[in-house]
Trainee: 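This is the structure I want to talk about, given as structure tokens.
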Amino acid sequence: MIVDLDRLTVRIPLKGGHVVHAATDVSLSLEKGRLHAVVGESGCGKSTIAQAMTGLLPRTANVTGSVRYRGESIFGREHVLHGRHVALIPQSASTFLTPVRTLGSQLRETVEALGGRVKPEELLSRVELDPSALMLYPHQLSGGMAQRAAVAFALAGSPDVIIADEPTAALDPLLTIALLQLLRHLASSGAAVMLITHDIAALIDTEVADDLSVIYASRLVEQGKAAKLLAGGAQHLYTRDLIAALPRNGLKRMPGAPPTLTNLPEDYGYTKRLKQVGGR
Ligand SMILES: Nc1ncnc2c1ncn2[C@@H]1O[C@H](COP(=O)(O)OP(=O)(O)OP(=O)(O)O)[C@@H](O)[C@H]1O
Ligand code: NI
């Protein structure tokens with residue numbers, strides 16, 4: 001196991017004594033060669049988990065539990081690990097590319113900054129982009145190319161852990177499948193990959209995930225082999241409802257709405273939500 005989260009709990013204080021329960025007792029692990037998908041409705045705390053692993057939590061956050069990389073706590077040394085050991089693929093490539101410089105010059109700079117040994121051309125070929133893309137400016141990249149470029153940047157420091165937070169949010173269905181297959185390929189080549197997504201249909205179609213964690217209202221509600229959970233083997237009502245809500249399964253709408261995580265009661269759970277809408 002390369003990365004190990006043990007009962008990670010994140011509380012973000014707000015003005016007026018309010019507290020966001022952004023993650024509660026979340027335990028999961030990432031392993032070499034495996035792709036671990038994390039799903040759950042919007043606002044449930046998925047990105048919080050990625051932020052805790054990459055040192056991007058707000059400075060005011062109170063964190064308990066642990067996040068370990070190869071057995072050692074990452075807290076306080078996220079910046080050392082970042083890029084070289086643990087890399088983040090963002091939702092949109094536009095967040096880190098400077099419009100005024102070519103992809104090649106920015107990628108070269110990133111490789112140097114991280115002390116990477118892989119040439120920019122080779123990085124592009126790993127994400128199946130033609131080396132000629134090095135000459136292009138960001139606005140000349142299509143959405144699919146830009147997102148592949150984002151993966152190339154993440155690979156610049158030869159990390160063994162790759163965290164992708166909604167990497168396909170800006171992509172159409174075909175490009176989504178291609179990007180998920182690329183992440184699968186990175187896992188199969190030895191990386192530990194975490195994929196945060198709300199696109200359960202794409203997970204079912206591509207079968208890219210080995211492991212699956214389902215988050216509801218800041219807590220892990222179900223965890224197991226993705227193939228089993230996605231093929232009707234889920235135990236938790238929340239997971240079953242999420243899957244039943246897919247268009248292919250009849251689009252049975254999720255009952256009610258997810259709660260806000262601000263001042264969330266400790267004993268809140270999915271059954272409370274069901275009760276609020278009249279029970280089942
Ligand atoms: N810096 C912050 N200050 C206050 N609240 C925050 C902060 N960051 C996140 N939150 C809150 O924490 C909760 C979890 O957010 P998070 O981004 O982890 O959810 P998510 O599952 O990634 O959502 P989405 O699917 O929309 O990306 C949300 O209610 C959000 O409003
Ligand atoms: Ni998010």
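In this chain, numbering begins with 1 at the start of the sequence shown. In listed order, ligands and their atoms are each counted from 1. Just so you know, these numbers come straight off a predicted model, no measurement behind them.
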Trainee: Tell me which protein heavy atom sits closest to atom 17 (O) of ligand 1, plus the residue, atom name and distance to 0.1 Å.
Mentor: Ser47 CB, 3.6 Å

Trainee: Answer yes if the side chains of Asp199 and Thr197 hold a donor-acceptor pair under 3.5 Å, and no otherwise.
Mentor: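 Asp199 vs Thr197: no donor-acceptor pair found between side chains.
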
Trainee: Return the OG1 to CZ distance between Thr110 and Phe153, rounded to the nearest 0.5 Å.
Mentor: 4.5 Å

Trainee: So which heavy atom in the protein is nearest atom 25 (O) of ligand 1, and how far is it from that ligand atom?
Mentor: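 The answer is Lys46 NZ, 2.8 Å.
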
Trainee: May I ask you to say whether Asp6 pairs ionically with Arg68, meaning some side-chain N is under 4.0 Å from a carboxylate O?
Mentor: no

Trainee: The Ni ion (ligand 2) and Ser47: any N/O/S contact shorter than 2.8 Å?
Mentor: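 It does; at least one qualifying atom falls short of 2.8 Å.
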
Trainee: How far is atom 9 (C) of ligand 1 from its nearest protein heavy atom, and which residue and atom is that?
Mentor: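 I find the closest protein heavy atom is Ile12 CD1, 4.3 Å.
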
Trainee: Within a distance under 4.0 Å of any heavy atom of Leu14, pick out the atoms of ligand 1 and give their elements.
Mentor: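 Those qualifying, in numeric order: 4 (C).
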
Trainee: Within the structure, does Gln91 bring an N/O atom to less than 3.5 angstrom of an N/O atom in ligand 1?
Mentor: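 No; the residue has no nitrogen or oxygen that sits under 3.5 Å from a nitrogen or oxygen of the ligand.
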
Trainee: Kindly compute the distance separating CD (Gln223) from NE2 (His36), expressed to the nearest 0.5 Å.
Mentor: 5.0 Å

Trainee: Does a side-chain heavy-atom distance below 4.5 Å link Ile162 with Leu155?
Mentor: yes

Trainee: Can you name the atoms of ligand 1, numbered from 1 with element, that are less than 4.0 Å from a heavy atom of Pro58?
Mentor: 1 (N)

Trainee: Where is the nearest protein heavy atom to atom 26 (O) of ligand 1: which residue, which atom, and how far?
Mentor: Ser42 OG, 2.7 Å

Trainee: For atom 31 (O) of ligand 1, decide whether some protein heavy-atom distance is shorter than 4.0 Å.
Mentor: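 Looking at atom 31 (O) of ligand 1, one finds that no protein heavy atom lies closer than 4.0 Å.
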
Trainee: Whether the Ser42 and His198 side chains hold a donor-acceptor pair (N or O, under 3.5 Å, no angle test) is what I'd like checked.
Mentor: no

Trainee: Which of the atoms of ligand 1 are close to Thr48, meaning less than 4.0 Å from one of its heavy atoms?
Mentor: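 Here the atoms of ligand 1 in question are 14 (C), 15 (O), 16 (P), 18 (O).
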
Trainee: Does any N/O atom on Gly45 come nearer than 3.5 Å to any N/O atom on ligand 1?
Mentor: yes

Trainee: Is the backbone N or O of Arg101 less than 3.5 Å from a side-chain atom of Gln106, with the two atoms forming a donor-acceptor pair by type?
Mentor: yes

Trainee: Please state which protein non-hydrogen atom is closest to atom 13 (C) of ligand 1 and give its distance, to 0.1 Å?
Mentor: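 For atom 13 (C) of ligand 1, the nearest protein heavy atom is Leu261 CD1, 3.6 Å.
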
Trainee: Classify the angle between the aromatic ring planes of Tyr238 and His236 as parallel (below 30°), tilted (30 to 60°) or perpendicular (above 60°).
Mentor: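 The arrangement is perpendicular - the two ring planes meet at more than 60°.
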
Trainee: Just to confirm my output: which protein heavy-atom neighbour is closest to atom 12 (O) of ligand 1, and how far is it?
Mentor: Val20 CG1, 3.4 Å

Trainee: Flag the pair Leu203 / Leu212 as yes when at least one side-chain heavy-atom distance between them is below 4.5 Å, and no otherwise.
Mentor: yes

Trainee: Does the N or O separation between Gly43 and ligand 1 drop below 3.5 Å for any pair?
Mentor: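 For ligand 1, there is an N or O atom that lies under 3.5 Å from one belonging to Gly43.
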
